[in-house]
Q: 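Next up is a structure, given as structure tokens.
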Amino acid sequence: MEIAVMILLLMCGVMIYNYIYRKRLYQEIDRLEAWKIAIMNRPITDELSKVKRLNMTGETEQLFERWRHQWDEIVATQLPMVEEKLFDTEELLDKYRYQKAKALLREIEHTLRKIEEDIQTILHELEELVGSEEQNRTEIEELKQIYRNAKKTLLAYRHTFGDAEVKLNEKLDEIHSEFQRFEDLTNSGNYLAAREVVLSLKQELSVFSQMLHDIPELFNECQTTIPAQLAELLDGYKEMNESGYILDHLQIEQEVAEKQEKLQQYIEMIHDLRVEEAKQAIGEIKEEIDTLYDLLEKEVIAHQYVKEEVGKIKEQLYQLSEEAKETSEETLFVQQSYRLSAQDLEKYRSIEKQIHQLVKRFSLIQARMIEEQTAHSILKEELEQLVAQIKMMKEEHEQFRDMLQTLRKDELIAREKLSDMKKKLSEAIRLVKKSRLPGLPEAYKLQLDEAKNLLMRVTLRLDEKPLNMEAVNQALDEAAVFVQRVYERTTEMIEQAELVEKVIQYGNRYRRRYSSVKEGLEEAELSFRNYDYELALEQAVATVEKVEPGALQRIQQLLEKDESKQLSEKGNR
């Protein structure tokens, strides 16, 4: 029973699927049928009739015939074939041959898509042809007006074009022949070819109009403006030569002659209508002339600089040389008391040598100025370099002098530090005496002796002649560390001794009751008498803390109260 139900359900499923699939294919047939009808109803014939307004000859006639043939082929052959294939598809569906029907539908869709592409191509080419005729008709009149204006300009201002007038007229004749060619192509129905002529005419007339604008200006530049600038440049050069300027290195006369020759070449370019080439070349020659003017101006500025600054530079060198002499004497004096490093001495010798070279170099520049054979611009550059080096030498010289002053200053600081350390060590000894300790540990005595020896070593270093500050500072740093360590050890030792006494005094209250306290305190007293205050403190605190935890803290609080009370009494006094 269950199997029968399953078979029945399966058959129902197959029938439903078959129905849905079949319906979908019929919907595809309807869509393609509608597409075919839409293509048949396209007004292609009406669009093609627009061509009949044109001259039906030549290229136009050929295109029209091709388009009409393509459309006839679509209507008479391709669409009926599509209709036939649609019928075939329906028959295949009736016979449940779905795969073949589906393949045939794909073939029909491909055909219809190809027909659409062909129609779009026809319409695009048609629009291009008709549009070209309309654009040609509009633009050719504008171009003719530009042509007439150009011809009038050339006739009215022929004197401004010089020998280029002949070439310009020839160019106009060529343009006129292009107009005639346009008319011939239009009359023969070759509108697309005529469109190419229109575009070419537009470009040629644009270039020609620009030539009419540029040529008079370029002739004026080559024949009047630039020659006048060259003459002015040459006059200025001669005048400066007579005034004593050294200008041979600029070769102005040669440059002017070359540029005058180039101007003739540029005029020939203009005659040959190589206008853009001439325009670029004339722009370059103008820049070169500006550069020559700048070079002459540079010489004037350099002449003024040399005239004004040479005295100042001489004075700077004189002052630097005198200061170097003073530094040399100061260096000899300092060497009697201080040991200068080989690096410092070498640095000073280098400074002296460079200052001497600067003086020598300045003398050579002065000699060249007297000879009047060197351009002022070159002298200016050399003097500027010299000024920069003088500034650098001044800085190095000042640094060396500061170093000498620092040596003396360092000695005073070192002696002051030594004095402070001696006071600190004396204070430590005074604190020991004041504390009335039973004795001093051997380790502490050794530290105290070492601190005294280190201070003596610093003193000996300071008394050396010449004085080596590097060695002094090294000994000073070593002594400072050791003296500070001794001072800290002194205060710590005194505090330990005082605290031991207080702890023992505090612990005496338990001595009779606890034998362990008695023994512990006796050990602490023995360590105290042997000057081992640190061990004595540890033993005493450990003993008392066993019977009274927290005793050390209470003892310290009592000590703090006593100290506060003593300070208060001193204040009242």
Side-chain angles (χ1 to χ4, degrees), residues 229-230 232-256 258-259 284-331 343-405:
Q229 289 178 342
L230 291 174
E232 182 182 355
L233 180 67
L234 198 57
D235 290 342
Y237 166 75
K238 291 177 179 177
E239 184 178 342
M240 289 176 68
N241 253 337
E242 292 172 359
S243 300
Y245 286 88
I246 310 301
L247 304 173
D248 294 343
H249 65 293
L250 299 181
Q251 300 180 331
I252 296 292
E253 291 178 334
Q254 182 181 341
E255 289 285 341
V256 169
E258 289 177 358
K259 284 164 179 49
E284 291 173 359
I285 202 173
K286 289 168 73 175
E287 290 179 1
E288 291 171 4
I289 292 171
D290 289 340
T291 300
L292 292 176
Y293 270 112
D294 291 341
L295 290 174
L296 289 180
E297 185 179 1
K298 183 180 177 182
E299 288 299 327
V300 173
I301 295 171
H303 181 271
Q304 188 69 19
Y305 175 88
V306 172
K307 183 178 178 181
E308 292 178 355
E309 297 297 323
V310 69
K312 297 177 183 177
I313 296 170
K314 183 178 181 180
E315 180 63 24
Q316 289 179 12
L317 276 173
Y318 175 77
Q319 289 181 358
L320 185 59
S321 299
E322 290 299 312
E323 289 173 0
K325 290 178 182 177
E326 293 176 3
T327 304
S328 178
E329 294 173 0
E330 186 176 359
T331 302
Q343 184 179 358
D344 290 332
L345 292 173
E346 180 60 31
K347 183 177 181 180
Y348 181 68
R349 281 193 288 268
S350 174
I351 292 173
E352 280 189 320
K353 183 179 179 181
Q354 289 183 67
I355 292 173
H356 178 71
Q357 288 175 346
L358 290 177
V359 173
K360 186 176 180 181
R361 185 175 172 188
F362 180 70
S363 299
L364 291 174
I365 293 173
Q366 282 185 309
R368 289 162 65 193
M369 288 170 60
I370 295 170
E371 293 173 359
E372 296 186 350
Q373 297 295 323
T374 307
H376 287 95
S377 58
I378 297 174
L379 293 174
K380 177 176 178 287
E381 289 178 4
E382 293 184 3
L383 287 173
E384 286 174 339
Q385 293 175 2
L386 191 65
V387 168
Q389 290 176 339
I390 290 173
K391 182 180 178 181
M392 184 176 67
M393 281 299 99
K394 280 184 176 180
E395 292 175 356
E396 290 187 14
H397 182 250
E398 284 299 321
Q399 289 174 1
F400 185 80
R401 294 187 70 172
D402 290 343
M403 184 273 294
L404 294 180
Q405 295 298 324

Q: My understanding is that only residues two or more places apart in sequence, or in another chain, count here; which of them pass side-chain contact (heavy atoms from CB on, under 4.5 Å) with E315?
A: Y318, Q319
Q: Find the distance between CZ (R361) and CG (L364) and round it off to the nearest 0.5 Å.
A: 9.5 Å
Q: What residues form a ring pair (Phe, Tyr, Trp, His ring centres under 6.0 Å) with H397, not counting sequence neighbours?
A: none
Q: At their closest point, which heavy atom of M393 faces which heavy atom of I351, and how far apart are they?
A: SD-O, 4.3 Å
Q: Between the side chains of K259 and E255, is the shortest nitrogen-to-carboxylate-oxygen separation below 4.0 Å, so that they form an ion pair?
A: yes
Q: Nearest 0.5 Å, please: how far is CD in E253 from CG in L233?
A: 10.5 Å
Q: Can you confirm whether Y293 sits close enough to I289 that some side-chain heavy atom of one is under 4.5 Å from a side-chain heavy atom of the other?
A: yes
Q: With rounding to the nearest 0.5 Å, note down the distance linking CG in L317 to NZ in K360.
A: 14.5 Å
Q: Counting C-beta onward and ignoring hydrogens, is there a side-chain heavy-atom pair between M240 and L296 closer than 4.5 Å?
A: yes
Q: With rounding to the nearest 0.5 angstrom, report the CG to CD1 distance, L320 to I313.
A: 13.0 Å
Q: How far does CG of L292 sit from CD1 of I252, to the nearest 0.5 angstrom?
A: 4.5 Å
Q: Does a salt bridge link E352 with R349, judged by any charged N lying under 4.0 Å from a carboxylate O?
A: no
Q: Kindly check if the number of other-residue, nucleotide or ligand heavy atoms within 6.0 Å of CD (E239) is above 12?
A: no
Q: With a cut-off of 6.0 Å (strictly less than), are more than 12 heavy atoms of other residues, nucleotides or ligands near CD of E297?
A: no
Q: Just how far is it from atom CD of E382 to atom CD1 of I365, taken to the nearest 0.5 Å?
A: 5.0 Å
Q: E396 vs Q354, test: side-chain contact (heavy atoms from CB on, under 4.5 Å). Steps then yes/no.
A: CA-CA 11 Å; E396 290 187 14; Q354 289 183 67; 4.3 Å; yes
Q: If we ignore angles and hydrogens, is there a donor and acceptor under 3.5 Å between the side chains of E258 and Q254?
A: yes
Q: Any idea which heavy atoms bring E384 and Y305 closest together, and the distance?
A: CG-OH, 3.5 Å
Q: Just so I know, are the side chains of L234 and L230 near enough to count as touching, which here means a heavy-atom distance under 4.5 Å?
A: no
Q: Answer whether the closest heavy-atom distance between the side chains of K394 and Q316 falls below 4.5 Å.
A: yes
Q: Within the structure provided, determine whether V387 and K391 are in side-chain contact (heavy-atom separation under 4.5 Å).
A: no
Q: Would you find more than 12 non-hydrogen atoms of other residues, nucleotides or ligands less than 6.0 Å from E322 atom CD?
A: yes
Q: Q366 versus K314: any side-chain heavy-atom pair under 4.5 Å?
A: yes
Q: Is atom NE2 of H249 surrounded by more than 12 heavy atoms (other residues, nucleotides or ligands) closer than 6.0 Å?
A: yes
Q: Above 12 or not: heavy atoms from other molecules or residues under 6.0 Å from NZ of K347?
A: yes
Q: Keeping the roles fixed (side chain from S350, backbone from E346), state whether a donor-acceptor pair exists under 3.5 Å.
A: no
